[in-house]
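Numbered from 1 within each chain, the chains take letters A, B, ... in sequence-line order. Please read these numbers as outputs of a predicted model, since none were measured by experiment.
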Amino acid sequence: MRTLCENVKDSDIGKEFTLKGWVMRYRDHGGLIFIDLRDCSGIMQVVFDENLDKESFKTAKKIKNEYVVSITGTVGKRPEGTENAELKTGTIEISAMRIQIINASETLPFQIDEEADVNEFTRLKYRYLDLRSKRLKDNLIFRSKFNHAVRRFLDDEGFLDIETPFLTKSTPEGSRDFLVPSRLNRGHFFALPQSPQLFKQILMVGGFEKYYQIVRCFRDEDLRADRQPEFTQLDIEMSFVEMKDIMSLTEELFKTIFKSLLGIELDLPFKIMDYDDAMNIYGSDKPDTRFGLLIASLSNIFCNSSMNLFKNAISNGGAIKAICFQGGSNILSRKDIDELLSIAKDFGAKGLAWTKVADNGALEGGISKFISENEKISVIEKTGAKNGDIIFYQADEKKTANMVLGRLRLYLAKKYKLIPKNRFELLWVVDFPLFEYSEEEKKTVSVHHPFTAPAEKDLEILELNPLSAKSDSYDLVLNGEEIGGGSIRIHNPKLQGKIFDILAISREEARLKFGFLLDALSFGAPPHGGIAFGIDRILMLLRNENSIRDVIAFPKTQKAYCPLSDAPSAVKDKQIKELGIRLSDTRI
RNA sequence: GGGGCCGUAGUUCAGAUGGUUAGAACGCCGGCCUGUCACGCCGGAGGUCGCGGGUUCGACCCCCGUCGGCCCCGCCA
């Protein structure tokens, strides 16, 4: 019978136990050997004494790191002064009487649980070793608890966990699909789902009023620290609901999770921000509200500016926007400002104007000599600038000015460490436009997806000026990361048709792509809506990690390669032939 | 598709302006050690300097290409 390390207590002193696990550390003192034994529950120190049992002592001499062993011995209190406060079991130890080496280990390619960052590629290649480290182990335990808490909450709320297909139909809208050739239907392909969007809506038509699923999604796009080709969503859909119902369900869900997993009491309801405000004040549709550096609009102040830069921007229909960096005039050297200029240019800025606020309250340096006294007073008021601050300006199309300052804001906050640690700011962003104009495709496209319901108040203007219509959709933002989003869906086939018209999607095209959904909606579809959350991102933020790879057991590199399994890899010609496909080049 | 940083021992790194034997720490191997817990001490082994070309009397170092890693832009409805 085997006992786990964490289950051996001070009160067990004198009792005999058998522990099984890995040798985490090995300290040979000649006539006395210590090992730190690790199992899934924790760590226990084991002592081998030459005088206690000659045979087991001899075996213990052969032990190396990460050997798997079985140890039988009695629990003893550690001699006074040798307790280890770092360990939960630091007041006791096992005096070994028998040891069996169950399995030896090769010398490790890297040391487990070291402070030094081992090359991530090596860690991924030997992922099973990295998984033995406390950090990754704790992350995956947390992930399991998170999923469990979500399921318990939604189950209690009457939701049903229903699985949807992985082999499904390619929908060229949205992200690039992973395709799966069909052997039985030559020349035809399945696609792995980007999300179960269409199926969950059909489940609503099928009468399951509350659905959820913790489900893998696939998108064949380039990777980032927060983007893997396969990732996990918490997918939710409900019938007979409005925005506020989905939002309050979400808030209760997060409140429950934060409380049970982190012991944090969230204030409800979450803050709500309009999309327009998010863009105008934070320069982003996923604002990080943990710090200031808010974007001010100065267009009104400078409409009669003596400076061509500002005057022209406004007469061309653009805007003057600014952020004020508190205390920046002392922190930033001229070189730093030049560097910021080059960074702003990388962001798409034409330049970066600036003024310092001197100790006497005057504007100094940069473009200050072009700013009149009256303009100065208004600038100070609008930006909230104080003596010792520095103000950065953008004169450009409003969208560009917001975007540049929004990114500059994040850059400054990171570089000068303005972001408070251990704080979670949850925020709804609502009132997204329903459509936007795609320069690339030269047509109107959906901001969310084509099944998103227009806001009721904008049904009228849908035909006259579709680009100004808002949608019944909502994004959930945590610390400047989009962690979820959803919408109320269109359940009326007539309205759906109108949307397709605006998107210039013909009836034939719509039938070809989403026919099965349109059919379903025509047979008495209930009003419905839902939301989906990026579980990997949420876990990354809650665990204070910089990449979702650290909360995924087996992630891929930025080239979408798995060093552990060597996937993707070439396949036999026979396999390709069977599928009725041919490779166009053999560069593999 | 593009930009930035990086690739030297098993691991993390150091190697001025090109110069003959490429170093350190940890790990590994051998020895000593009865209260350690990142044990300590003594000794030792270990390198195609990512790969391929080029320049040079001579390349870890310079040039070109290529492969790979990380971050970012584009992309991700």
Side-chain angles (χ1 to χ4, degrees), chain A residues 24-37 43-52 57 61 64-66 76 78-87 89-90 93 95 105-126 129 171-177 194-195 197-198 217-229 231 342-343 345-348 403 407 410-411 414 432 434-436 438-441 444-452 471 473 482 485 487 503 505 513-514 532 534 546-547 549 556-559 561 563:
Chain A
M24 198 169 81
R25 255 174 214 116
Y26 179 84
R27 296 180 291 277
D28 185 348
H29 286 241
L32 199 64
I33 297 168
F34 297 96
I35 67 174
D36 294 340
L37 187 76
I43 296 164
M44 175 66 72
Q45 172 163 284
V46 179
V47 202
F48 293 87
D49 190 323
E50 204 169 15
N51 303 318
L52 201 63
F57 191 82
K61 280 278 181 190
K64 286 170 191 150
N65 281 339
E66 298 303 312
R78 292 197 191 190
E80 208 173 317
T82 66
E83 297 91 351
N84 185 348
E86 307 271 302
L87 287 185
T89 58
E93 63 191 4
S95 291
S105 168
E106 296 292 323
T107 299
L108 302 173
F110 58 89
Q111 285 156 263
I112 294 169
D113 224 7
E114 283 287 301
E115 290 298 312
D117 316 299
V118 176
N119 179 324
E120 197 171 357
F121 189 85
T122 311
R123 285 172 32 211
L124 288 177
K125 182 166 177 185
Y126 302 96
L129 295 180
T171 51
E173 309 283 300
S175 81
R176 193 177 293 113
D177 283 326
Q194 301 166 21
S195 81
Q197 183 60 37
L198 271 40
C217 301
F218 306 87
R219 294 182 188 173
D220 189 5
E221 297 292 347
D222 287 0
L223 284 73
R224 290 282 190 285
D226 64 352
R227 276 161 39 186
Q228 284 272 306
F231 62 99
S342 112
I343 284 162
K345 281 186 173 165
D346 289 344
F347 293 157
M403 189 266 288
R407 289 190 182 177
L410 290 174
Y411 176 85
K414 261 184 210 133
F432 281 83
L434 187 58
F435 305 109
E436 64 189 343
S438 162
E439 287 295 337
E440 193 192 336
E441 296 175 60
T444 300
V445 297
S446 291
V447 167
H448 199 47
H449 57 58
F451 319 110
T452 306
S471 65
S473 68
E482 185 197 328
S487 62
L503 294 170
I505 296 176
K513 287 177 177 168
F514 323 108
N546 290 318
S547 163
R549 293 188 298 276
K556 294 175 179 56
T557 69
Q558 197 163 50
K559 273 270 181 65
Y561 173 72

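Protein atom CG of A:Leu129 is 13 Å distant from nucleotide atom P of B:U11, rounded to whole Å. Across the protein-nucleic acid pair, A:Asn119 atom CG and B:G68 atom P stand 15 Å apart, rounded to whole Å. Nucleotide B:A38 holds its P atom 16 Å from the CD1 atom of A:Ile35, rounded to whole Å. If you measure from atom CG of A:Asp117 to atom P of B:C71, you get 13 Å, rounded to the nearest angstrom. Counting to the nearest Å, the C1' atom of B:C72 and the CG atom of A:Leu410 are 13 Å from each other. When the C1' atom of B:U11 is taken as reference, atom CG of A:Leu108 falls 11 Å away, rounded to whole Å.
Ring-to-base geometry places A:Phe34 in a stacked arrangement with B:U36 (centre distance under 5.5 Å, plane angle under 30°). Aromatic stacking of A:His29 on B:U36: not satisfied for centres closer than 5.5 Å together with planes under 30 degrees.
Remark: B:G35 base-pairs with no nucleotide in the shown strands. Criterion, Watson-Crick or G-U wobble with two distances under 3.5 Å. Across all strands shown, B:A45 forms no Watson-Crick or G-U wobble pair with both distances under 3.5 Å.
In this model, the phosphate group of B:C28 is approached by a side-chain N or O of A:Asn65 to a distance below 4.0 Å at OP1 or OP2. Residue A:Gln194 places no side-chain N or O under 4.0 Å from the OP1 or OP2 atom of B:C76. Between A:Thr82 and B:U36 there is no side-chain polar atom (N or O) within less than 4.0 angstrom of OP1 or OP2. Phosphate contact (OP1/OP2 of B:C28, side-chain N/O of A:Lys64, threshold under 4.0 Å): absent.
The residue A:Phe121 sits close only to the backbone: its heavy atoms come under 4.0 Å of sugar-phosphate atoms, none of a base. Within the 4.0 angstrom heavy-atom criterion, only backbone atoms of the sugar-phosphate kind lie near A:Glu120; the bases stay farther away. Using a 4.0 Å heavy-atom criterion, one finds that A:Asp49 contacts the bases of the nucleic acid, with or without backbone contacts as well. Residue-level contact check: A:Arg123 touches neither bases nor backbone, having no heavy atom under 4.0 Å from any strand. Heavy atoms of A:Val445 sit nowhere under 4.0 angstrom from any nucleic acid atom. Within 4.0 Å of A:Gln228, counting heavy atoms only, lies no atom of the nucleic acid at all. Among the heavy atoms of the strands lying under 4.0 Å from A:Pro79 is at least one base atom, whether or not backbone atoms are also near.
Distance check, rounded to the nearest 0.5 Å: NZ of A:Lys559 to CZ of A:Phe121 gives 11.0 Å. Annotation: the span from A:Glu66 atom CD to A:Arg25 atom CZ amounts to 9.5 Å, rounded to 0.5 Å.
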For side-chain contact (heavy atoms from CB on, under 4.5 Å), just list the numbers for A:Tyr26 and A:Lys64, CA-CA rounded to whole Å, side-chain angles, deciding distance to a tenth of an Å, and then say yes or no. CA-CA 7 Å; A:Tyr26 179 84; A:Lys64 286 170 191 150; over 6 Å; no

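Atom NZ of A:Lys61 has more than 12 heavy atoms from other residues, nucleotides or ligands within 6.0 Å. Crowding of A:Asn51 atom CG: a count of heavy atoms from other residues, nucleotides or ligands under 6.0 Å exceeding 12.
A:Arg219 contributes no side-chain N or O that forms a donor-acceptor pair with the base of B:C76 under 3.5 Å. Side-chain N/O atoms of A:Glu50 and base N/O atoms of B:U34 include no donor-acceptor pair closer than 3.5 Å. Residue-to-nucleotide contacts include a donor-acceptor pair under 3.5 Å from the side chain of A:Asp28 to the base of B:C33. No hydrogens or angles were tested; on distance alone, nothing pairs the side chain of A:Asp346 with the base of B:G4 as donor and acceptor under 3.5 Å. For B:C33, its base never sits under 3.5 Å from the side chain of A:Arg27 at any donor and acceptor pair. Residue A:Arg78 places a side-chain atom within donor-acceptor reach of the base of B:U36, judged by atom type and a 3.5 Å distance cut-off alone. Evaluation of atom-type donor-acceptor distances gives a pair under 3.5 Å for the side chain of A:Arg227 against the base of B:C75. Below the 3.5 angstrom threshold, one finds no donor paired with an acceptor across the side chain of A:Glu106 and the base of B:G10. Under 3.5 Å, the side chain of A:Arg224 and the base of B:G74 form at least one donor-acceptor pair of N or O atoms.
Taking a cutoff of 4.0 Å between a charged side-chain nitrogen and a carboxylate oxygen, A:Arg27 and A:Asp36 qualify as a salt bridge.
Residue A:Arg549 is the one, among A:Ser195 and A:Arg549, whose nearest nucleotide of RNA chain B lies closer to the 5' end (criterion: closest heavy atom). For the pair A:Leu223 and A:Leu87, both in contact range of RNA chain B, the more 5′-proximal nearest nucleotide belongs to A:Leu87.
Nearest to the side-chain atoms of A:Ala225 among the listed nucleotides B:C72, B:C75, B:G69 stands B:C72. Checking B:U36, B:U12, B:G69 against the side-chain heavy atoms of A:Val118 singles out B:U12 as nearest. Side-chain proximity of A:Arg25 to B:C76, B:C28, B:A38: nearest is B:A38.
Among residues two or more places apart in sequence or in another chain, the side chain to side chain donor-acceptor pair (under 3.5 Å) test is passed with A:Arg219 by none. Considering only residues two or more places apart in sequence or on other chains, A:Phe432 meets the ring-ring contact (aromatic ring centres under 6.0 Å, His included) condition with A:Tyr275.
In this structure, B:A16 is classed as syn because its glycosidic torsion stays within 90° of zero.
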